[in-house]
> 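Next up is a structure, given as structure tokens.
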Amino acid sequence: MRNKDELYLNKIDWLTVGIYVCLVIFGWFNIYAAVYDEQFPKSIFDLSINSGQQLIRIGAAFIIILLIMVADYRVFDNLAWILYIVFLVLLIITPFIGKEVNGQILSIGVGSFRIQPSEFAKFTTALALAKYMERPSFDLSQIKHQFQAVIIIMIPVILIMLQPDTGTAMVYFAFFIMLYREGMPQYYYALGLALVAVSLLALGIENNLYLVIGVFAVIGLLILMGKKRLGRILTLLGIGVLAVVYIYSLDYVVSKLPEHQQNRIMVLFNPDLDPLGVGWNVTQSKIAIGSGGFWGKGYLEGTQTKFDFVPEQHTDFIFCTLGEEFGWVGSTVVIILFCTLLIRLIYLAERQKNRFSRIYGYCVVSILLFHVMINISMTIGLFPVVGIPLPFFSYGGSSLWSFTILLFIFIKLDSHRIQLLGRMN
Amino acid sequence: MNDQRPIILSIVVVLVGLIIVIRLFSIQVMDDSFLKRAERNAIQRVVDHPYRGLVYDRTGKIMVYNNPIFDLMVIPREFNVKDTTRFCEIFQISKEQLIENYTAARKYSSVKPSPLVKQISTTDFARIQDYLIDYPGLFVMTRSVRSYPQPSAANALGYIGEISATQLERDTVRYYRQGDYVGLSGIEGFYEKTLRGVKGVKYKMVNVRGVDKGPFKSGEYDTASVAGNNITSTIDLALQEYGELLMAGKRGSVVAIEPKTGEILAMISAPTYDPNVLTGAKFGANYMLLNRDESKPLFNRPIMAMYPPGSIFKVVQSLIGLQMGVLTPNTTLSCNRSLVACHNHPNPVNLFGAIKYSCNPYYHQAYRMMINREVSKNTFKDTEIGLNEWREKVLKFGLGGPLGIDLYNEKGGDIPSSKLYDRVYGPNRWKYSTIYSLSIGQGEMLVTPLQMANLAAVFANKGYYYTPHLIKAIDGDPKKIDIKYRTKIDVGVDAHHFDMVQDAMAEAIYGTAARAAIKDIAVAGKTGTAQNPQGEDHSVFVAFAPKEDPKIAIAVYVENAGWGGRAAASTASLMIEKYIRGYITREALEEYVLIGKFM
């Protein structure tokens with residue numbers, strides 16, 4: 001028995017667990033820094049401040065980890081659909097029984113114990129996708145199967161959009177990273193990237209005529225370089241025409257967006273536009289991070305984050321505290337930790353012997369990459385401000401627990417990869 | 001095909017990481033503008049104003065001190081009043097004013113303090129202190145204003161006021177900020193750098209709403225303010241006050257100097273004003289009133305008013321004549337009234353008699369001997385050479401230019417040179433008959449009361465003076481005052497020539513200024529009359545006493561009071577007695593001066 005336990009512990013990927021622990025502890029220290037008040041200093045363990053409460057949540061996360069690790073590894077496979085549907089139901093009822101905060105109804109629960117179903121729906125969607133796609137017959141080169149996978153993703157997206165929580169809904173597009181690994185045709189991504197590029201240019205360039213000329217120049221080049229078949233030429237030209245329509249309709253579409261979203265886009269292109277108004281968050285966030293310098297101002301020495309110049313600094317803007325107090329060195333260490341974690345997870349996903357685990361693993365990679373990339377980019381003015389948390393760092397139970405569950409289900413699956421292989425056979 | 005995709009995804013992960021790290025490097029390490037913006041954001045520089053130096057008189061009595069006053073400040077967000085009427089009663093503010101100030105404060109900031117009731121006196125503060133607890137969002141900020149226990153020596157002390165735009169521009173070291181107070185005249189102005197002290201700076205942190213969040217880095221970068229240096233003035237406050245009493249209701253100047261040191265014992269400019277009116281909130285309004293007053297109380301007559309020296313200049317002429325060898329004590333000249341008018345006295349007179357009786361024709365002739373010495377055959381040229389050489393000798397007495405007192409805006413008076421007459425009459429077109437009125441201190445010659453008092457000091461010292469000055473010590477140390485005020489200046493006339501002149505001045509008291517005589521105190525003096533084309537002549541008197549060991553030299557000008565023997569001599573005499581004895585034995589004379597009917 002004892003021998004068997006040791007063997008099991010050896011199967012756990014301790015590197016991933018180690019990075020997780022580092023990030024959570026470092027995140028906890030940063031939450032304390034974000035809410036620290038020099039005039040009325042309180043202990044990091046003080047339950048009346050966020051760091052104390054976060055410690056309880058970290059403790060709860062530890063219990064969740066234990067539960068996942070002692071559970072039967074088959075339970076996630078077997079419960080995938082049930083969990084998916086349970087959380088869809090929770091998403092549907094949230095607006096009716098939830099509590100309103102800032103015009104959004106995101107969380108449900110009793111008293112101070114609240115959870116945000118949209119956070120947890122990430123891992124249930126990941127499980128559902130893995131379950132659905134593990135069938136040997138499933139083939140992403142078929143439009144039918146592509147459509148089915150997208151449906152599984154889109155159902156929670158639509159429900160979350162209704163809450164409305166655009167930021168969290170956006171995260172579900174991260175699953176396209178997993179779909180890429182599983183064989184989704186590359187041209188979708190080429191088109192997607194082209195769409196993003198054209199959108200950015202259309203919003204950033206004053207005169208759209210230059211952009212139209214540019215689009216047709218690229219299309220002309222593609223026609224000349226590839227095989228000169230009529231169908232291909234016509235398709236490319238058709239795409240060009242659609243692009244032009246898109247470019248000229250974009251301004252109209254943007255003008256129909258809610259004003260705060262329009263402003264976020266405007267600020268991205270012109271950060272100094274109205275620095276006290278819509279540009280405030282980004283400007284202050286950049287000032288806080290930028291003022292950190294190479295080594296940072298020192299732990300608890302940050303002024304910008306301490307004195308509320310940066311809004312929501314313990315949640316979505318927690319990276320500001322890090323950047324200000326630990327400087328470039330500290331920020332880089334954290335980014336290296338995240339990158340190492342992601343590459344390790346890709347490695348782990350690739351060593352899975354069954355599709356379910358691999359697909360689930362890639363879902364974890366996708367969601368983490370998307371969160372880290374978007375969250376940090378928005379704090380340094382590379383992306384419009386979108387309210388999504390920084391994994392393991394941001395304050396809040398739902399965020400920490402959902403990422404913990406997401407990650408540790410995969411660690412659990414990975415530790416049983418040999419057994420899972422046997423089962424699949 | 002899918003074998004490449006994990007690698008591509010890994011590369012994407014690394015690329016995303018790299019882009020973020022590079023971007024961070026550019027804003028955190030390459031660009032230091034964010035650091036500056038952060039400091040502007042969160043660190044507020046608060047100037048700690050130093051305590052301005054005090055001014056004492058020569059006997060150690062305080063002349064200028066700092067009086068605390070209180071501003072009642074309000075933080076609008078925390079402020080809440082239920083019974084406005086009661087509030088207005090307690091804090092002595094009208095309802096309208098309260099509403100106006102509160103609205104302004106609200107508009108400025110709801111979390112930063114603004115003044116609600118300004119300039120509460122110490123006594124009012126003591127009264128309202130107990131009520132403060134009932135009103136949240138109120139606190140008291142202490143400031144100080146200059147105060148004067150005796151409303152005396154206003155023009156000598158000067159005043160402080162808010163710094164002007166031009167002064168700010170001239171302040172190249174950037175010590176001052178808009179709204180700072182600065183000495184604008186008198187000792188306050190001249191010794192601004194001594195009195196002002198050194199400003200301190202406190203860095204405090206503020207949050208996004210401007211709320212104070214305590215000192216930055218526990219005050220590591222803060223500097224404490226250093227209080228200004230205290231100044232001991234040369235003024236004798238008792239003498240100054242007595243002089244102001246004597247000059248009340250009159251226009252003119254009194255300057256008393258300690259001859260051995262050049263220290264100014266009293267400097268009275270009449271009419272004067274209470275220096276307390278130019279402090280605090282009433283400064284602007286009161287300044288306008290004083291400035292518009294046609295008796296010009298802000299005009300510092302002792303250093304700014306210019307009059308012809310009149311007969312007193314005859315003493316200088318005598319000394320120059322003696323030094324030149326043109327005159328000897330035995331030089332006897334007739335009182336030829338066809339040259340210039342005179343008054344009844346024995347005729348002819350020697351030099352002693354000429355000083356004693358102030359004989360005009362004597363100086364007419366003596367001056368001609370000094371000017372026309374036949375250096376040139378051409379009488380025009382000869383006069384020019386003579387005038388210029390003579391002028392040099394006169395300037396040495398501290399006339400014809402500012403003496404360099406430690407006050408700004410000192411006027412220099414005027415001793416005309418050949419250039420003036422060349423300009424008026426043309427070169428070689430004027431001769432002695434043109435300039436002869438200079439011989440008796442009239443004509444184009446102008447002096448200030450300060451210069452006259454200094455002249456009296458020269459007579460007392462037998463040929464030297466110290467530049468008159470108003471401060472005796474800085475922080476109790478007399479060596480800290482400018483070396484200039486501790487340097488003896490020789491007037492170029494040998495001391496022995498003064499013996500006879502001093503005797504004659506002592507005698508003259510009994511001739512022309514009997515009122516100036518004091519029992520048991522030998523006063524040497526000379527009356528004068530400064531001609532005033534606009535009206536009655538100005539009464540002038542200079543004197544020093546006691547003759548054997550002079551302790552005070554004095555010049556008195558009383559405008560439009562006629563002959564020097566009455567108003568000026570009486571005033572000077574009382575001042576001398578007051579200084580030397582400390583009390584007055586001649587109540588009748590005092591009354592005569594106080595009533596002021598001299599004509």
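Every chain is numbered from 1, with letters handed out A, B, ... down the list of sequences.
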> Using distance alone, with no hydrogens and no angle criterion, decide if B:Arg196 and B:Tyr176 have a side-chain donor and acceptor under 3.5 Å apart.
yes
> Among residues 377-384 of chain A, which residues come closer than 4.5 Å to chain B, judged by heavy atom distances?
A:Ser377, A:Ile380, A:Gly381, A:Leu382
> Under 3.5 Å, is there a donor-acceptor pair linking the side chains of A:Gln352 and A:Tyr360?
no
> Only one of B:Tyr135, B:Phe139, B:Tyr102 forms a ring-ring contact (aromatic ring centres under 6.0 Å, His included) with B:Phe79, so which one is it?
B:Tyr102
> With distance as the sole criterion, is a donor-acceptor pair present between the side chains of B:Tyr175 and B:Glu192 under 3.5 Å?
no
> Restricting to non-hydrogen atoms, name the atom on A:Ala174 and the atom on A:Ser366 that form the minimum distance, rounded to 0.1 Å.
O-CB, 3.1 Å
> With rounding to the nearest 0.5 angstrom, report the CZ to OG1 distance, A:Phe317 to A:Thr315.
8.5 Å
> Side chain, backbone, both or neither: which part of A:Ile289 has an atom under 4.5 Å from a heavy atom of chain B?
both
> We want to know whether A:Lys297 and A:Ser291 form a side-chain donor-acceptor pair, criterion being a heavy-atom distance below 3.5 angstrom.
yes
> Does the ring centre of B:His49 sit less than 6.0 Å away from the ring centre of B:Tyr181?
no
> Evaluate the ring planes of A:Phe393 and A:Phe338, with Trp represented by its six-membered ring, and classify them as parallel (under 30°), tilted (30 to 60°) or perpendicular (over 60°).
tilted
> What part of A:Ile336 gets within 4.5 angstrom of chain B, counting heavy atoms only: side chain, backbone, both, or neither?
neither
> Counting heavy-atom pairs closer than 4.5 Å to chain A, which one of B:Val14, B:Ile19, B:Asp32, B:Leu24 comes out on top?
B:Leu24
> At a heavy-atom distance under 4.5 Å, which candidate from B:Asp31, B:Val16, B:Leu9, B:Ile8 has the highest pair count against chain A?
B:Leu9
> Does any backbone or side-chain atom of A:Ile287 lie under 4.5 Å from a heavy atom of chain B? Answer side chain, backbone, both or neither.
both
> Against chain B, label A:Tyr347 side chain, backbone, both or neither, depending on which of its atoms sit under 4.5 Å from a heavy atom there.
neither
